[in-house]
Structures are given as structure tokens and as C-alpha cells.
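Order of the sequence lines sets the chain letters (A, B, ...), proteins ahead of strands, with each chain counted from 1. Keep in mind that this is a model prediction, so the values were computed, not measured.
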Protein chains: 4
Amino acid sequence: MVNNQVPSSIKDEALVSKRRNQMIKGAVALFKEKGFHKTTTREIAKASGFSIGTLYEYIRKKEDVLFLVCDSIYQRVKERMEASIDTNETSLQNLVQAIRSYFQLMDGMQDEVLVMYQEVKSLSKDAQDYVLQKERDMVAMLEQVIVNSLSEKIPEADVALIANNIFVQGQMWGFRRWILKRSFTLDTYIERQTHLLLEGLSSQLKETQS
Amino acid sequence: MVNNQVPSSIKDEALVSKRRNQMIKGAVALFKEKGFHKTTTREIAKASGFSIGTLYEYIRKKEDVLFLVCDSIYQRVKERMEASIDTNETSLQNLVQAIRSYFQLMDGMQDEVLVMYQEVKSLSKDAQDYVLQKERDMVAMLEQVIVNSLSEKIPEADVALIANNIFVQGQMWGFRRWILKRSFTLDTYIERQTHLLLEGLSSQLKETQS
Amino acid sequence: MVNNQVPSSIKDEALVSKRRNQMIKGAVALFKEKGFHKTTTREIAKASGFSIGTLYEYIRKKEDVLFLVCDSIYQRVKERMEASIDTNETSLQNLVQAIRSYFQLMDGMQDEVLVMYQEVKSLSKDAQDYVLQKERDMVAMLEQVIVNSLSEKIPEADVALIANNIFVQGQMWGFRRWILKRSFTLDTYIERQTHLLLEGLSSQLKETQS
Amino acid sequence: MVNNQVPSSIKDEALVSKRRNQMIKGAVALFKEKGFHKTTTREIAKASGFSIGTLYEYIRKKEDVLFLVCDSIYQRVKERMEASIDTNETSLQNLVQAIRSYFQLMDGMQDEVLVMYQEVKSLSKDAQDYVLQKERDMVAMLEQVIVNSLSEKIPEADVALIANNIFVQGQMWGFRRWILKRSFTLDTYIERQTHLLLEGLSSQLKETQS
DNA sequence: GATGAATGAGCATTCATTCAT
DNA sequence: TATGAATGAATGCTCATTCAT
């Protein structure tokens, strides 16, 4: 699926898609290593496996690469969340499972998420808005799962807050690993965060037959 | 107090201190507005009130400015935390109060924290280590306050986790304001986060006579 | 008629001719608008109605397009001068008529002449010589008409000078329109320039029975 | 006198003036040789005797060099015309003298005028307007001299036309030398053009006691 | 100590031209 | 014949850093 926010002068859409994937893959690795600003377009071209001229057949400006990278990361995270999280199921188990899936996802896409985290602000306002909408969607998914897992209604704001906390704690496993890895593995991290959350919600939670 | 990590060719320490403060003040404003990479040394010099030549009498490289800025921010946050948080007091009230102080601090230094958040990765490994140590110190303060507020011992890892959660939630008020401000004011945000935390800890908390 | 100064890899001469005409038509419009140097080969191909690859089947280098354009303009001007000017007729009326025709021609081909005027110097020396020969031919035509209109012989140099003056005044109507249009329409311009010229020549002119 | 249409980041106005003169001198030579578009900024810097970085301390964009060059040429032509032409004197001799001075000037600044002629269209609309105003001023000077040399009034349009003819004939000596030099030297060219003009005006001219 | 002119390596971007299909 | 994807040399411009005054 070609991202039409970024025009290309190449007509063959399948090719555009293929080349942009090469580009994204190469760019993520570089951005991870040295950040967007310290990465040159030539390096991106080289890491993508084609020439600088070819790079510019598929984008207009360097910032387009960043946009493509951020968008692709958000898209992949969103898709994988949609695949692994059931927003209809109403059991508590479903919330626990959703958190686990999401944290595992964050663990696996750690580098990508870190890149995204540090560089979104380098995008133009428009591009940021476009990309952040996906973040809102993801938080909304978590909110739905939370609501479904509760037996009593709690204030909307609290649901939003919990969803945001979970969301950020997932990312935190990526961008604060330097401090967390002293005390946790991914599994213990998931387990303890879940534990803490459920304790806080205990009185409103649905009964679960495990 | 002159930061000796960054050598200056000027002998007069008082002057170095004064000039660097001008520099930091000007630079924070610029980094906030356009980020470290898009800010030029000329702009920094101008915003600091002196010439480009003079700027380089007080630093060696552009990165030194970033280091000075980050260090100064951490330093100020740390100092203000130390001033408002009592790590000896053992009441639950003290934890509540510490959280409130810290969140208010984050609210007031929102821009600075945002800058720091996005730009630390641009520092050299050494500079990052130096600066992150201050972060570790702050988390440690929170850990101490948490431990003091509990009647029973809980695993060290849990203490670390809670401290990290609080720490990040404070920053989150700054860097995710775009999504949080739909549901919260600073006060309601503090109140609900505190509420959630205490619910989760309720069984281990010290009794409080309010 | 295919211009053999510019080789093509296509064999079918009729096709070459057709494609080059498309090319010239498209290119003139572009050169007029933005000049030769700011026009890209891709734009020329697009304006010509075929692909960049096809463009290069009919020329060797970008400069060939400019040559083709200049040559075509000169050719058209020359042909139309030959069609409307009678170099055998010896009346004064014929000179007056020749000037009128030529000025009207310049008015109609204003854009083309302007393009040619500004861009010939971008041609290689050889191409310039080739193209300027046509200009010499046109001036020679004017010289002939002038000589025919005189009753007495005047120095060759004077004839050349007058022919050049007429020639340039015709072009001047194109490239200095910004200043002339405040005082003249095409008709008054023709009338006054003719008047001035005839005054200067009055004593040598042939009698005319109008 | 520093041209304020083009901002410089250097404060010392005398220096700006000096460097820009170096720049103009170097650039004219290059533009003359290969045209504005085929001249690189590096070449301009080199020909000016300083580095590319320094060049850009005195201008903002490459086009600024062209503007500076065109403006300087017009300015010099205008100044020298003002110095050698008397717009108050009312004798016929004065017109003859003015033409001679102007043609000699064009002869001496041939290269500059050629450059200007071919490249003004590369300037932005604004810059063109600014520069062409100087041309209007010069034509106006010629008009004044013409009017002063006449005993009877002739239509304003005719005065404008004659002034323009003289103006263009002066330039023509530069840009059509390839065809004129077969029949003329500068002196004979001046003499014959003047002769032609005076013949045309004879009945309206002031008596001159030579 | 302060200034700001000079430097040139470095970077993003363009575009004429080629060539496999 | 026609196409258009690929190439990379070339170019305009920026900016951190130095150093003479």
C-alpha cells in the first residue's frame, strides 16, 4: 500500500512500495544509530541499496523519509495490536492478555519505537498530526479493552488515564531499558506492571473464572 | 558553580559562570522552539547577548552547549526536588506530597523537560552517562519516599517500578499534554494518578491520621 | 525537412520530422516561460507529448533542442520574409511595404524572437554560426530592398547600417515593448519609424506615384 | 555605497562595499564568458579572490550576484552618461556630443552591456523593475537632450522613439558587432548613425554656428 | 577578554543522460 | 520504436569553528 502523503515520480505502484520498504528498513537502522539529523541522505540511499538519485525518485525531501518511517512504525504497531487484541471480548483475562501482547510488541519493536519517540517532533506539524492520529487510535483500543474488563462503570477520565499509563509503560520498557533492566526481564516487567494495575482496579474488576 | 566537564579558555570563574548562565537561558528558549540541530551557534550567541567569538571562549564545541543545558535542567529539577521532598519523613502523607511537588515541578519546567527528553541522545555517550546519573538520583529519592510510606516491605523491584512509573508519569504530563489535556487539568491529573497508585498499594500502606 | 545538424537514432525521416515539430512546439512555450536553462528535459518531453526516453531518440543532448528551436524560428521568420517581401520590385512603396511586413511579422512572433534573442548565446559556437547565417540572409534581403528603392547610389556601409537599424527596430518592438507600449501601438510604431527613416533618406529616394 | 536591496551579514559597510566590488568584477568576467547559469558560485568566489563561505557572507543567493552586477553596470553607465551629457545646454552640437559620448561608453562597456542584455531576464520581477528604472532614466536623459536640440516642438512619442532608437543603436554596437564590424569602426559607426539621424530631423533642428 | 570576518567541509537536492525491457 | 527507472556528477548553500585584531 503506497502512502499518498508522499508523492513519488515513479509510476509503478508496486515498485514504489517495494523501494520504500527497502528505504524504511535502511533508514530505521541509521536513525536508531545516529538519529535523523545526523543521518545523511546518501547514507539512507546506500543503506537502502540504491543510489542517491534513485532515492529522490521515491521521495521529495529528506523529511519524507522520516515521515515514511514513523508512519510505517505506527502502522505496524497498530496492525499488530489489532491482530492480537480483542476489543469485543469482555473478560478480565482479555485485558491481561492485551497488556501482555502490547508489551511484547513494544519489546520486539524497541528500536523502531525509540526512533519514533525521539524524532516525531522533527516532522512538520501536519505530518505529526497525521501520525499521532494513529496513536490516538491505539489508546482508544486500550480504553475499550479496559472498559470491557470492568464490572462497574468508572469515570471516562480514569479510563483514559489508565490507557495512557499502559501505553506509556509499554514504551517505557523501550526507552528506559537502561534503568529497568537492572531489576526486570520482559516477563517480570509485564507481570509486575499488570499486578500493580489490577491491584489498583481490584474493586471494579469483573470476576474471572481462570 | 562552573561545570568542569566543559573547559573554558577564560580564567575568571565568576565570569564563566555568568556567561554560561546567559548562554543556557538563551539556548533553552531556542532548543525549545526548534530543537538542538536546527539551532545555529550564531543564534545561540545572539540569544545569549554576545558574539560568536565570545561564545567559543566559554565552550569548545556546539555539543557543549547542549550538555550545559541538559545538565542545568537536571540540576535544577534535582535541587527543587531535594528542596520540596523529605526523604526522612515516613508518613504516607509525605509520599502524596512528594508526588504533588514533583508533578507541579514537571508542569512548571515542561519546556525544559521536553527539550531534555528529545535531545539527550545527541550527547556523547560520556555526557549522557554523566547527565543520566542525576536521573538515577532522582528516581532513588522517590524510591526512598515510597519505602518510607509503606508499613510492610515489598520487593525492591516493585519499589523501583513504582518510582519509575511516577517519574515517567510526571514527564508524561509534559510530553503527552496533547492527549491528556482533553480530560485533565494539572490538579485533577495529580489527584487521579495519586488515587490510582494508592489503590494499588492500599494493603501495604502505612496508616495515616489526616 | 529533417535538420541533419542533429542526428537521430530513428530511421523514419517523416517520423523524425513529426516528433521534432512536437518537440519544438512544446519547447518554445517552455523557453518563453522560464528560459532554456530553467527548463528540464523531462518538461520538454512532457510538453512534447512523449517520454524522456523517446525524446533522446530524436536528439543527442539538451542543447540540440535549443538548436532545433532557434533554427526553426529563424527558418520561419526567413520564410515568411521571403514570402512577403519582393526583392526585385524597385519602387519606394516596396520598401515601405517590406518594413510593414517585417514589423508585423516581429509582432506576431514576438515570443519566439525573444526566446531566440536571449538564448542563442547558449548554443555552441558552431551552432551559433549556422543559425546566424540565416540572420545575415535576412539583413541582406533588407539591403536589397533598400538599394532598389533608391534613385542614387549611397555607400554600401550606409545601406548595411539602415538594414541593420530596421532589423533591430523590428526586434526592439518585441524586446522593448515594456517601454514602447506607453507611446505606441504596432501601427503607430510602424508609421513613425517609417516616417523617420524616409525623412533621413528623402533626397535619395525614388519618386513614387502613389 | 552599499546596495541595500541585498542584505549582507557583514557589518562593516566599507568592507561590504569593497568585497562586493571584487565580486562584481570577478562575476562580470565569468558571466561574459559563460553566462550566468553556467557559472557556479564556487567560480564566482574564486574569481573574487575569496572562499565560497565568504561569498555567502555578502549575499543571500546566487541571483543576488547577478542583481549586483546588473545594478552596478546600469549605475556606472548612468553615472558616466550624467557626467558627459549636458541636459541643460540647448544646442544641436550638444545632441551630437551626447550621442558620441554614449556610443563611446557603450563601446568601452561592451562586455558588461552584453552580459546585462542577456541576463536581466534571469532576475526576479522585482529586481528587474528596480534595474529597468535606471534604463528609463537614461532614455529620459536622451529625450531631454533631443528636445533641447530642436527648434520646433515635435510629438512626444517621436521624441521617445528617437531616444529609444539611439539607446538601442548604442547597445547594438555591442551585441551585433559580429555583423557591424565588417563595415564600420566605432568612429565611422558614430558618424554615420549621427548623420542618418540628423538628416531625418533636419527641418526641426536648431541652427548651429559651428 | 571580546569581536566578527574568513574558511571549507559537508549536505540536500536536481537533472541530463543511459539502457534494459 | 517507445518507455521510464536508475544513476551520480554537479551545484547552491549552510554552519561549526578558527584566529587576527
B/S/- along nucleotides 8-13 of chain E (protein heavy atoms under 4.0 Å) is BBBSBB

When the distance from [atom1] of [X] to [atom2] of [N] is rounded to whole Å, what number comes out?
{"X": "B/K11", "N": "E/dG1", "atom1": "NZ", "atom2": "P", "result": "8 Å"}
{"X": "D/L15", "N": "E/dG4", "atom1": "CG", "atom2": "C1'", "result": "10 Å"}
{"X": "D/E43", "N": "F/dC13", "atom1": "CD", "atom2": "C1'", "result": "16 Å"}
{"X": "D/L66", "N": "F/dG12", "atom1": "CG", "atom2": "C1'", "result": "15 Å"}
{"X": "D/E13", "N": "E/dG4", "atom1": "CD", "atom2": "P", "result": "14 Å"}
{"X": "A/Q22", "N": "F/dA5", "atom1": "CD", "atom2": "P", "result": "15 Å"}
{"X": "A/K46", "N": "F/dG8", "atom1": "NZ", "atom2": "P", "result": "12 Å"}
{"X": "A/I10", "N": "F/dA6", "atom1": "CD1", "atom2": "C1'", "result": "8 Å"}

Any side-chain heavy atom of [X] sitting closer than 4.5 Å to one from [Y]?
{"X": "A/K34", "Y": "A/E43", "result": "yes"}
{"X": "A/N3", "Y": "A/F67", "result": "yes"}
{"X": "B/E119", "Y": "A/Q118", "result": "no"}
{"X": "A/R19", "Y": "A/E57", "result": "no"}

Pair C/K121-C/Q128, side-chain donor/acceptor within less than 3.5 Å
no

For the pair B/Y117 and A/F175, name the ring-plane relationship: parallel under 30°, tilted 30 to 60°, perpendicular over 60°.
perpendicular

For Watson-Crick and G-U wobble pairs within 3.5 Å on both distances, what is DNA chain E written in dot-bracket notation, | included for inter-strand pairing?
.||||||||||||||||||||

Salt-bridge present (C/K38, C/E33; N to O < 4.0 Å)
no

Check every strand shown and say whether D/S9 touches a base, only sugar-phosphate, or nothing at a heavy-atom separation below 4.0 Å.
sugar-phosphate

Inter-residue atom distance B/S72.OG - B/K25.NZ, 0.5 Å rounding
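Result: 12.0 Å between the selected atoms.
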
Among pairs that include at least one residue of residues 9-57 of chain C, which meet ring-ring contact (aromatic ring centres under 6.0 Å, His included), considering only residues two or more places apart or in two chains?
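The answer is C/F31-C/F36, C/H37-D/H37.
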
Look at the side-chain N and O atoms of D/Y58 and state whether any lies under 4.0 Å from the OP1 or OP2 oxygen of E/dA5.
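The answer is no; no side-chain N or O of D/Y58 sits under 4.0 Å from OP1 or OP2.
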
